[in-house]
Amino acid sequence: MSAVLEVSDLAVTFGTRDGLLKAVDGVSFSVSRGEVLGLVGESGSGKSITGLAIMGLIDAPGRIARGSVKFEGQELIGKNENTLRSLRGRRMAMIFQDPMSTLNPVLRIDTQMIETIRAHEKVSEKAARARARDALAKVGIPSPDERLLAYPHQFSGGMRQRVAIAIALLHGPSLIIADEPTTALDVTIQAQILSEVQTLAAETGTALVWITHDLSVVASLADRVAVMYAGRLVEEGQVADVLTQPLHPYTKGLIESVPSRNRRGSPLAQIPGMTPSLACLPEGCAFRPRCSRATEICLEAPGLTQHVGGRRVRCFHPSSNLGGGA
Amino acid sequence: MLVYIIRRLGQGALVVSVMASVVFLAMYAVGNPVDVLAPPDASDAEKLLIARELGLDKPLWDQFFVFIGNALHGDLGKSFVYNEPTLQLILQRLPATLELAVTALTLAIAIGIPLGLYAGLKSESWFSRIVMSGSILGFSLPNFWIGMMLILLFSVQLKWLPAGGRGETVNILGVPLSFLTWDGLRHLLLPALTMSIYKAALIVRLVRAATRETVMQEYVRFARAKGLSRQRIVLVHILKNIMLPVVTVIGLEFGAILAFAVVTESVFAYPGMGKLLIDSINHLDRPVVVAYLMFTAFLFVIINFVVDLIYAVIDPRVSLVEAKG
C-alpha cells in the first residue's frame, strides 16, 4: 500500500517572549490509503499542532522549523499558500473539536457548503446545492433540503459535527485529519459518529488521522496508533499490539489511567506529576521525572528504536515482558 | 413582531415625554425670555404685554399644562423669536443637517471599515501602527479645532474650498438638497470631513478589535481548512460577524451627528438644526429648544429601532419575537 501521507522529522516552533518553544519536535509517521491512524496524547503534547502543520495552517508566531510532509507524493513544506489552498478542502480536509464553533454562526448551512464546493470546482450553484444536499443525507441528517436553509444555531452539537463531516467529505478527499471531533459530544452520539465515519472512510478509501486523548476511541476506530508526549512521538504500532503490550512507560500509564480498566474498589491508577511545560522541558527524556524506570542514561535523549511487528518506541527501558501484557 | 413594535413605540413615547418635561422645566429655570426679547429700553408695562402675549405671565404649572395639552394635539407651540410653528422651523433645517450627517457618516464608514479590517488582520505591520496612532489623534482632537484647521488649510491657504455656508441647492420633491450640485458638494465636504474624523477613528478601533477577536475563532480556521480564498474569508466570514457591534455604534453615532452637529455647524456657519438650537438657547426661545430636543429623542428612538431590525437581518440568532414567560 502506498502512503497517502508521509510525515518525517517534522518540527514546529513557537517564538515567544521566553524563547523558542518546540511544540512538535521531530515527529515522523505515515498513513496509507484507507488506514486510520490514532494520534494520542495529553493536552499540550503537540498532537493538534501536528494536524495543523500537515494542513499548512500554522499561524505566526508558530512556524514549521524543519521536516517534510509528503502528501500523495508531493512535498507540502515550502509550497506557496495558493497551492496549499487548492489542496485544502479538496484533497485533504480537517474536522475540529468543538462543533459549536466550527460553523460560522451568521451564515446558512447551504452557504457554507456551497462555497466549499465552488472554491475548488467551477460548478453551477444549482449543481453545488444538489451535492451539498446529498452530502448531508450521507452523514445521516434527516430532511436535508430543509436543513440546508437552517443556521448553525438551529442544530444540536452532534448534528453540527455531522455537517462539518459532510463538508469535509464534499470533495472526497484522500486524507481527513480529525482533531478530537467527538470529544465535545455525548457518548451515544460519539459512538454513532465514530461508526459512520468508519464506514464512510472504508467506502471511499480515505485515510484518517484521528487526533484524540481517548484511548477507547482509538481502540474501536484506529488501525495503528502513535503516542505523543511533549512534542515527540514516543511509541507507534498496531493498535492491538500497543494497547495490550505497551512498550513505553508513558503509554502504559495512559492505558492504566482509563477508569474502566480498574477493578472496582481499587484506587485509580494515575501517572504521577504532570505534563511538563514546553518552556522548561527536562533534559534527556521528557518523561523522565514521572517515570518509575528512569536511570542515569535517561538524562540523554533516547532515539526511536524499531521493534518486532513494525513497532517503534522512544525509550531506553521499554517493557521487556512482551509476552505477558500490561 | 407586532407586540415588539408596540412595546418599542410605548418605550419611545415615554422617553420623549420625560425628556420634554425635564427640558421644559430646565429652560424655565435658565432665565426669563422676556428680558431677551424686549428692547433694552422697554418699560415694565411693555414687558408685561409681551409676557402676556407669549403666555409667560401665568404660573409655571399653568404654562406646563398648556404645553402638555397642546403637545398632545400635535402642537409644539410657536417660536418666541420667529413667531412660526417650531416643528416647521426644525423641519426646514432638517435636510441640511441630514445631508451633512449622511455625508459625514458615509465618509467615516468608507475610511473606518477598510482601515480597521487591515489593522485587525495585520496588526504587526507598520501601516497598522500608523493607523492606530492616527486614530488616537482623531479621537482626541476637538471638533472645532479640526474644523478651523481645515478651513485654514483648504480655504485660506489653498483656496480650494469655501469656508462656510451651504451651497446651491436643488429641490427634489420639495426638499432642498445641496449634494446634487457641484457648489453644494464643495460646501459640504469640509464640515462633513470635520465630523467624520472622530467617527472614523471610532470605527477603526471598533472594527480592529472585533476583527482581531473574530480571526481567532474556530470557524475562521475551519473556513481556511475548507480551502476558501483569503478574500472570501475576510469579506464574508469575518466581515459579516463584525458588523453587529459596528452597526450598533454607527446607529448611535448617526443620531449623535444629527442631534449635536452644533459645534461643526457653528464653525462653518452651516444653516442646519444645530445652528438653530444654539441660536434658540441664546434667545431663551423655549418652544424651539423643547421641540428640538423632543425631535432629537424621537430620532434616537427611531434609529435604535432600525438598528434592532438590522440586527435581525445580520444575525440569525437574534429574534424580535417576544420570548414567552
Side-chain angles (χ1 to χ4, degrees), chain A residues 48 51-52 54-61 81-109 111-121 149-154 160 163-164 167-168 170-171 173 176-179 184, chain B residues 113 117-129 207 210-248 307-321 323:
Chain A
S48 294
L52 291 173
I54 295 167
M55 295 290 289
L57 290 176
I58 299 284
D59 289 320
E81 178 60 25
N82 221 14
T83 314
L84 290 175
R85 189 196 66 71
S86 77
L87 287 174
R88 286 200 289 258
R90 187 171 62 88
R91 300 306 302 150
M92 55 187 197
M94 189 158 182
I95 311 167
F96 293 91
Q97 176 171 359
D98 184 4
M100 295 314 208
S101 54
T102 46
L103 298 173
N104 194 324
V106 301
L107 298 177
R108 281 201 325 225
I109 299 300
T111 314
Q112 303 196 43
M113 294 188 82
I114 290 169
E115 68 179 4
T116 313
I117 298 174
R118 299 183 64 170
H120 299 290
E121 283 173 42
L149 301 179
Y151 286 95
H153 71 277
Q154 294 162 321
R160 285 191 215 189
V163 173
I167 290 176
L170 276 173
H171 290 278
I176 294 179
I177 295 171
D179 188 358
Chain B
I113 291 185
L117 262 180
Y118 184 89
L121 292 171
K122 298 203 185 292
S123 52
E124 298 299 314
S125 80
W126 59 267
F127 183 67
S128 300
R129 285 169 208 267
V207 169
T211 305
R212 280 172 62 115
E213 205 178 294
T214 309
V215 169
M216 313 279 260
Q217 297 295 319
E218 198 84 333
Y219 55 75
V220 172
R221 187 175 266 175
F222 189 57
R224 289 172 66 198
K226 293 197 297 190
L228 301 187
S229 66
R230 189 171 170 77
Q231 194 185 341
R232 168 114 195 148
I233 293 174
V234 171
L235 296 184
V236 177
H237 284 254
I238 295 179
L239 196 60
K240 199 154 184 218
N241 271 285
I242 63 174
M243 281 324 280
L244 218 51
V246 173
V247 164
T248 314
V307 166
D308 278 1
L309 291 183
I310 296 177
Y311 270 0
V313 175
I314 299 180
D315 191 338
R317 290 164 298 182
V318 173
S319 163
L320 297 183
V321 178

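Chain letters run A, B, ... following the sequence lines, proteins first and then strands; every chain starts at 1. Because the structure is a prediction, the values reported are computed rather than measured.
A pairwise comparison of heavy atoms in Val106(A) and Lys240(B) identifies O-NZ, 3.4 Å as the closest pair. The minimum heavy-atom distance between Ala119(A) and Gly227(B), with the atom names listed, is CB-O, 3.8 Å. The two residues Phe222(B) and Leu103(A) come nearest to each other via the heavy atoms CE2-CD2, 4.1 Å. Across all non-hydrogen atoms, the minimal contact from Pro105(A) to Pro316(B) is O-CG, 3.4 Å.
With respect to chain A, the highest number of heavy-atom pairs below 4.5 Å among His237(B), Met243(B), Glu124(B) belongs to His237(B). Between chain B and the residues Asn104(A), Asp98(A), Leu87(A), Thr111(A), the most heavy-atom pairs under 4.5 angstrom are made by Asn104(A). Chain A forms the most heavy-atom pairs under 4.5 Å with one residue out of Ile314(B), Asn241(B), Asp315(B), and that residue is Asn241(B).
Heavy-atom distances place both the backbone and the side chain of Thr116(A) under 4.5 Å from chain B. Using a 4.5 Å cut-off between heavy atoms, Leu170(A) does not touch chain B at all. Residue Ala168(A): no heavy atom, backbone or side chain, is found under 4.5 Å from chain B. Looking at Met94(A), the atoms closer than 4.5 Å to chain B (heavy atoms on both sides) sit in the backbone and in the side chain alike. Neither the backbone nor the side chain of Glu81(A) has a heavy atom closer than 4.5 Å to any heavy atom of chain B. For Ile167(A), the part lying under 4.5 angstrom from a heavy atom of chain B is the side chain only. Contact of Asp59(A) with chain B is made through the side chain alone, with heavy-atom distances under 4.5 Å. Heavy atoms of Leu107(A) lying under 4.5 Å from chain B belong exclusively to its side chain.
A donor-acceptor pair is defined here as one N or O able to donate and one able to accept, closer than 3.5 Å; no such pair exists between the side chain of Arg88(A) and the backbone of Lys226(B).
Atom CG of Asn82(A) and atom CZ of Arg230(B) lie 12.5 Å apart (nearest 0.5 Å). Glu218(B) contributes atom CD, which lies 8.0 Å from atom CD of Gln97(A) (distance to the nearest 0.5 angstrom). To the nearest 0.5 Å, the span separating CG on Leu228(B) from NE2 on His120(A) amounts to 7.0 Å.
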Derivation of the salt bridge (Lys or Arg N to Asp or Glu O under 4.0 Å) call for Asp179(A) and Arg221(B): CA-CA 12 Å; Asp179(A) 188 358; Arg221(B) 187 175 266 175; over 6 Å; no
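With a 6.0 Å radius and a threshold of 12 heavy atoms from other residues, nucleotides or ligands, Arg91(A) has its CZ atom above the threshold.
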